[in-house]
Amino acid sequence: MKGKLMSKKMTMLAIAVASAAMFALPAVASAGEWVAHNAAGKTFTITKVGANPILESANGDVIECTGLTGTGSYTTTTTGTINLDFTGCKENTFGLSCGTSGTIAVNNKTFHNVNIGNAGEGGTPIGVLITGGSEFVHFNCGGIVTVKVTGNVIGEVESPNCGVAGTTYNLDFKPSAANTYTQKYEQVTTTGTTYDLVSDITIFGGSAGSHTSVQNGTGQIHLSGAVTPTC
């Protein structure tokens with residue numbers, strides 16, 4: 001009897017642990033996702049479009065990069081992994097080069113296809129949520145300025161439109177009109193969890209505080225085969 005009771009307790013414990021693990025994952029409900037048909041297993045590369053990408057913090061610190069490249073792949077029709085290399089990066093206070101020889105690498109981040117419009121609008125516009133995990137990126141500028149970025153960020157998929165197959169997607173990150181230091185889109189379907197970036201900055205080894213930060217820039221995603229967004 002004791003053995004059966006112990007077995008039952010262990011089974012219940014295993015179920016509880018599994019349930020806790022599920023709730024620890026990013027909470028993107030199915031209603032908040034758009035599906036990239038035929039995307040599973042497809043790879044992609046990323047190039048910069050337009051103005052230089054910028055990371056700007058609420059204390060006025062700016063990291064500007066002259067280039068952007070990246071790679072990634074879809075593991076399902078709604079999620080995948082992404083790697084980004086920001087090149088030619090400098091900070092604005094001392095004009096120091098940041099990262100490794102000017103390159104700030106953001107590696108192995110998970111992304112989710114998300115609807116960023118109201119549910120009543122048919123789930124449009126659509127976007128991509130990149131989750132940072134315990135740390136989005138950590139880099140140093142000239143041995144003087146250190147920046148640790150945490151949090152998550154949402155970019156808008158500007159093209160192609162829902163229902164239109166394509167191999168090239170424009171993914172745009174921009175600040176809100178009301179506040180330069182918050183992203184234009186911070187929620188899935190405009191409700192629930194707010195996603196943003198926070199920069200912990202130290203200068204000469206002393207803390208310069210934690211500040212809400214905004215990513216501003218556009219990347220063009222080149223897929224290995226045509227994908228059709230269903231929104």
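With hydrogens and angles ignored, the 3.5 Å screen pairs no side-chain donor or acceptor of Thr131 with any backbone N or O of Gly133. Counting only distance, with no hydrogens or angles, the side chain of Asn152 and the backbone of Gly132 share a donor-acceptor pair below 3.5 Å. Side-chain N or O atoms of Glu56 include none that pairs as donor or acceptor with a backbone N or O of Thr180 at under 3.5 Å. No donor-acceptor pair closer than 3.5 Å links the side chain of Asn52 to the backbone N or O of Glu64. In this structure, the side chain of Trp34 does not engage the main chain of Val128 through any donor-acceptor pair within 3.5 Å. In this structure a side-chain-to-backbone donor-acceptor pair under 3.5 Å is present from Gln215 to Ile54. Checked by atom type and distance alone, the side chain of Ser199 never pairs as donor or acceptor with a backbone atom of Ile201 at under 3.5 Å. The backbone N or O of His211 sits less than 3.5 Å from a side-chain atom of Ser213, completing a donor-acceptor pair. With hydrogens and angles ignored, the 3.5 Å screen pairs no side-chain donor or acceptor of Asn115 with any backbone N or O of Gly117. With hydrogens and angles disregarded, a donor-acceptor distance shorter than 3.5 Å links the side chain of Gln187 to the backbone of Gly192.
With rounding to the nearest 0.5 angstrom, the CD atom of Glu33 is 8.0 Å from the NE2 atom of His112. Rounded to the nearest 0.5 angstrom, Thr110 OG1 and Leu129 CG are separated by 9.5 Å. Here Glu91 contributes atom CD and Cys65 contributes atom SG; the two are 11.5 Å apart, rounded to the nearest 0.5 Å.
Residues Asn92 and Asp61 meet the side-chain proximity criterion, which asks for heavy atoms closer than 4.5 Å. Side-chain atoms of Ile82 and Ile130, non-hydrogen and from C-beta on, do get closer than 4.5 Å to each other. Side-chain contact check for Val106 versus Phe136: some heavy-atom pair is nearer than 4.5 Å. Taking 4.5 Å as the limit, some side-chain heavy atom of Ile46 sits within range of a side-chain heavy atom of Leu84. In this structure, the side chains of Leu197 and Thr212 stay at 4.5 Å or more apart for every pair of heavy atoms. Considering only heavy atoms from C-beta on, Thr87 stays 4.5 Å or farther from Leu68 through its side chain. A 4.5 Å side-chain heavy-atom check between Leu55 and Phe86 finds every atom pair outside the cut-off.
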Please step through side-chain contact (heavy atoms from CB on, under 4.5 Å) for the pair Asn108 and Asn83, ending with a clear verdict.
CA-CA 5 Å; Asn108 296 318; Asn83 306 285; 3.3 Å; yes
Check step by step if side-chain contact (heavy atoms from CB on, under 4.5 Å) holds for Phe173 and Thr218.
CA-CA 6 Å; Phe173 297 87; Thr218 302; over 6 Å; no
Chi angles and distances behind the side-chain contact (heavy atoms from CB on, under 4.5 Å) call for Gln183, Lys174
CA-CA 6 Å; Gln183 299 292 149; Lys174 64 180 67 173; 5.7 Å; no
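Defined by atom type and a distance below 3.5 Å, a donor-acceptor pair is missing between the side-chain atoms of Thr100 and Thr103. In summary, the side chains of Ser176 and Thr182 do present a donor paired with an acceptor at a separation below 3.5 Å, with no hydrogens or angles considered.
In this structure, Val214 is not a member of the same hydrophobic cluster as Tyr195, with clusters built from ILVMFWY side-chain heavy atoms closer than 4.5 Å. Taking hydrophobic clusters as Ile, Leu, Val, Met, Phe, Trp and Tyr residues chained together by side-chain heavy-atom distances below 4.5 Å, Val62 does not share a cluster with Ile104. No path of Ile, Leu, Val, Met, Phe, Trp and Tyr side chains, each step under 4.5 Å between heavy atoms, connects Val198 with Tyr181, placing them in separate hydrophobic clusters. When hydrophobic clusters are built by joining Ile, Leu, Val, Met, Phe, Trp and Tyr residues whose side-chain heavy atoms come closer than 4.5 Å, directly or via intermediates, Ile144 is grouped together with Val137.
Heavy-atom minimum distance, Cys231 versus Ile126: SG-CG2, 3.5 Å. Shown here for Phe139 and Cys98, the closest heavy-atom pair between the two residues is CD1-CB, 4.0 Å. Pairing each heavy atom of Cys141 with each of Leu96, the nearest pair is O-CD1, 3.3 Å. Of all heavy-atom pairs spanning Glu186 and Ile154, the tightest one is C-CD1, 3.8 Å. The shortest heavy-atom contact between Ala36 and Asn113 is CB-ND2, 3.7 Å. In terms of heavy atoms, Ala208 sits closest to Asn59 at O-ND2, 4.4 Å.
Counting only residues at least two apart or in different chains, side-chain hydrogen bond (donor to acceptor under 3.5 Å, both in side chains) contacts with residues 219-231 comprise His37-Thr230, Thr47-His222, Asn170-Gln220.
Within 6.0 Å of atom NZ in Lys42, more than 12 heavy atoms from other residues, nucleotides or ligands are found, so the atom counts as buried in its surroundings.
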Report, one line per pair, each donor and acceptor closer than 3.5 Å where one atom sits in a side chain of residues 158-169; sequence neighbours left out.
from, atom 1, to, atom 2, distance (Å)
Tyr169, OH, Val227, O, 3.0

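Taking the six-membered ring for Trp and the full ring otherwise, the centers of Tyr74 and Phe111 sit less than 6.0 Å from each other.
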